[in-house]
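One structure is given here, and the rest of the page talks about it.
We count residues from 1, following the sequence as given.
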Amino acid sequence: MTAPFTLEVTATPSPDDIAVLGDGLGAYNAADVGPSGREGIAVLLRQQDTVTGGIAGFTAWGWLYVQWLFVPEPLRGQGVAARLLASAENEAMERGCHGAWIDTFNPTALRAYQKQGFVVFGALDDFPKGRTRWFLQKRLVG
């Protein structure tokens, strides 16, 4: 018989509570499809020894996920995002990755990613309201 349970909705779960979810899902997925090999990745943009932008994400199951990509305003339009992506993609390929994915609701970022070879594979309208959130992927070849 299943033990009784309650549900708690919170905006501030503890790190330990979140770890239970991550560990449980990780163990389930590893048993289902094999270990993810998840490893963080960052490409940091430094100006005078201060991080002013870059990429943060992770690699897992042969894919690079770019969670965050930020280029400071004065450096936009100069190919910096392309260089950041290329650095992350090169590292991902060294880790054995065959693909990369990223999402955005910024039309300018969408065009920049498409220029780098990413193609849209999905979209959510009104995420946020009045915008579309695009999901893009790219095959990596070494």
Side-chain angles (χ1 to χ4, degrees), residues 2-3 5-142:
T2 303
F5 62 88
T6 61
L7 301 178
E8 174 189 354
V9 177
T10 179
T12 57
S14 75
D16 289 342
D17 292 340
I18 295 300
V20 168
L21 305 179
D23 293 347
L25 185 58
Y28 176 86
N29 286 339
D32 186 37
V33 297
S36 70
R38 182 179 172 135
E39 186 176 1
I41 187 169
V43 180
L44 304 176
L45 172 63
R46 293 186 184 272
Q47 293 179 284
Q48 299 174 346
D49 295 325
T50 301
V51 174
T52 60
I55 283 178
F58 60 86
T59 56
W61 284 300
W63 283 82
L64 163 66
Y65 171 54
V66 178
Q67 183 176 16
W68 295 328
L69 188 157
F70 176 72
V71 176
E73 187 68 39
L75 295 177
R76 292 181 188 165
Q78 300 177 38
V80 175
R83 291 175 60 190
L84 289 166
L85 285 166
S87 294
E89 291 168 12
N90 287 336
E91 175 62 23
M93 286 187 288
E94 287 185 22
R95 296 179 185 188
C97 291
H98 59 271
W101 71 283
I102 193 167
D103 63 273
T104 187
F105 52 77
N106 181 299
T108 302
L110 172 65
R111 288 187 297 277
Y113 301 150
Q114 289 173 319
K115 284 182 184 177
Q116 298 310 308
F118 283 83
V119 295
V120 173
F121 70 88
L124 290 173
D125 292 333
D126 286 328
F127 192 109
K129 188 78 172 162
R131 293 278 187 100
T132 298
R133 185 172 216 141
W134 295 280
F135 298 84
L136 300 101
Q137 68 177 332
K138 178 180 181 178
R139 291 292 172 180
L140 301 179
V141 291

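For the atom pair Y65 OH and F58 CZ, the distance stands at 7.0 Å (nearest 0.5 Å). Rounding to the nearest 0.5 Å places OG1 of T104 at 5.0 Å from OH of Y113. For the atom pair CG of L45 and CG of L75, the computed distance is 6.0 Å after rounding to the nearest 0.5 Å. Note: I41 CD1 to I55 CD1 = 8.0 Å, rounded to the nearest 0.5 Å. Between atom CG of residue D23 and atom CD1 of residue I18 there is a gap of 11.0 Å, rounded to the nearest 0.5 Å. Expressed to the nearest 0.5 Å, how far CG of L140 lies from OG1 of T59 amounts to 11.0 Å.
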Q: Go through V119 and Q137 one step at a time and tell me if the side-chain contact (heavy atoms from CB on, under 4.5 Å) criterion holds.
A: CA-CA 5 Å; V119 295; Q137 68 177 332; 4.1 Å; yes
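Of all heavy-atom pairs between M93 and V141, the closest is SD-O, 3.1 Å. Nearest approach of C97 to L64, heavy atoms of both residues: SG-N, 4.1 Å. Taking both residues in full, the closest heavy atoms of A81 and L69 are given as CB-CD2, 4.1 Å, listed atom of the first, atom of the second, then distance.
Listed by first and then second residue, the side chain to side chain donor-acceptor pair (under 3.5 Å) pairs involving residues 32-53 are Q47-T52 (not counting sequence neighbours).
Ring geometry, F135 versus F121: the interplanar angle falls from 30° to 60°, so the pair is classed tilted.
The side-chain heavy atoms of P72 and V80, taken from C-beta on, include no pair separated by under 4.5 Å. Counting heavy atoms from C-beta on, the side chains of V120 and L110 come closer than 4.5 Å.
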For residues 127-134, please give each side-chain donor-acceptor pair under 3.5 Å, one per line with the distance, not counting sequence neighbours.
from: R131; atom 1: NH1; to: F105; atom 2: O; distance (Å): 2.9
from: T132; atom 1: OG1; to: D125; atom 2: OD1; distance (Å): 3.2
from: R133; atom 1: NE; to: D103; atom 2: OD2; distance (Å): 2.7
from: R133; atom 1: NH2; to: D103; atom 2: OD2; distance (Å): 2.9

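For W61, there are no ring pair (Phe, Tyr, Trp, His ring centres under 6.0 Å) partners at least two apart in sequence or on another chain. The side chain to side chain contact (heavy atoms under 4.5 Å, CB included) check on R76 picks up F70, V71, E73, with sequence neighbours excluded. Residues satisfying the side chain to side chain contact (heavy atoms under 4.5 Å, CB included) test with A82, not counting sequence neighbours, are Q116. With sequence neighbours excluded, the residues satisfying side chain to side chain contact (heavy atoms under 4.5 Å, CB included) with S87 are V43.
Residue E89 forms a salt bridge (Lys or Arg N to Asp or Glu O under 4.0 Å) with just one option from R95, K138, R83, and that option is K138.
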